[in-house]
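Naming: A, B, ... by sequence-line order, numbering from 1 per chain.
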Amino acid sequence: MAAIANNIRRLRFDRDEMTQAELATKVGVTRQTINAIEQNKYSPSLETAFRIAEALGVPIGEAFSYR
Amino acid sequence: MSYREKTTWISLLAMGAVYGWYFWKVMPVLIAGHGDALHYAHLLGSTIAALAILQIIPMIAFAAASPTDAQAPQDEREKLYALKGTQAAYFVLVAGALFASVAGIFFHADAGMLANLILLSVVTSNMAKYLVEVAHFRFAG
């Protein structure tokens, strides 16, 4: 389904094993939404994608890719 | 399961159970053609009270268990699923309204029957909304 892939799970673990809940709080969404994005079940809006990348301290192209 | 999903499940189940009971009681009386307005009003009053109790108590319990989630505004995914639910509910409501119109025009349904058919449309459209939302929460992520 999802043509948008992401590296959120790996990036979270690279950042002192940041939990989904911690990332969700930084981004301003629920933990379940972060989980759905990680599993490619939900494609976030551009704004949320930028916020996730910012929270993980990487450029958006490193957090998300289009395939 | 998120707070929002839990409350949607509660609304779906409570509405299904309570209005299922209401229409189970009322429809045979209406179809037989010997119901009176006071009877409907009494049953409907009990139904609304039961629905309020069945929805409010679990929601208070869920909110007490996770107050942060309960106070948080809907995020974009939850808003999207709510919109998809509302879209489905619209079509169900329109179909119900058309069905009630046809019953009134072609089958000369009385006021009590028409009122209950419209109420049935409202209830089924709300249930369609909740059903689409929980389906998205469960299967879309």
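More than 12 non-hydrogen atoms from other residues, nucleotides or ligands lie less than 6.0 angstrom from CZ of A/R10. Heavy atoms from other residues, nucleotides or ligands lying under 6.0 Å from CZ of A/F13 number more than 12.
For B/E78, the part lying near chain A is the side chain, with the backbone staying farther off; criterion is any non-hydrogen pair under 4.5 Å.
At least one side-chain heavy atom of A/T30 sits less than 4.5 Å from a side-chain heavy atom of B/R77.
Under a hydrophobic-cluster definition in which Ile, Leu, Val, Met, Phe, Trp and Tyr are linked whenever side-chain heavy atoms come within less than 4.5 Å, directly or via other members, B/Y19 and B/L120 are assigned to the same cluster. A chain of hydrophobic side-chain contacts below 4.5 Å, direct or via other Ile, Leu, Val, Met, Phe, Trp or Tyr residues, connects B/F99 to B/L119.
A distance-only check finds a donor-acceptor pair linking the side chain of B/E76 to the backbone of A/S45 [under 3.5 Å].
Remark: the A/Q32 side chain and the B/Y3 side chain contain no N/O donor-acceptor pair separated by less than 3.5 Å.
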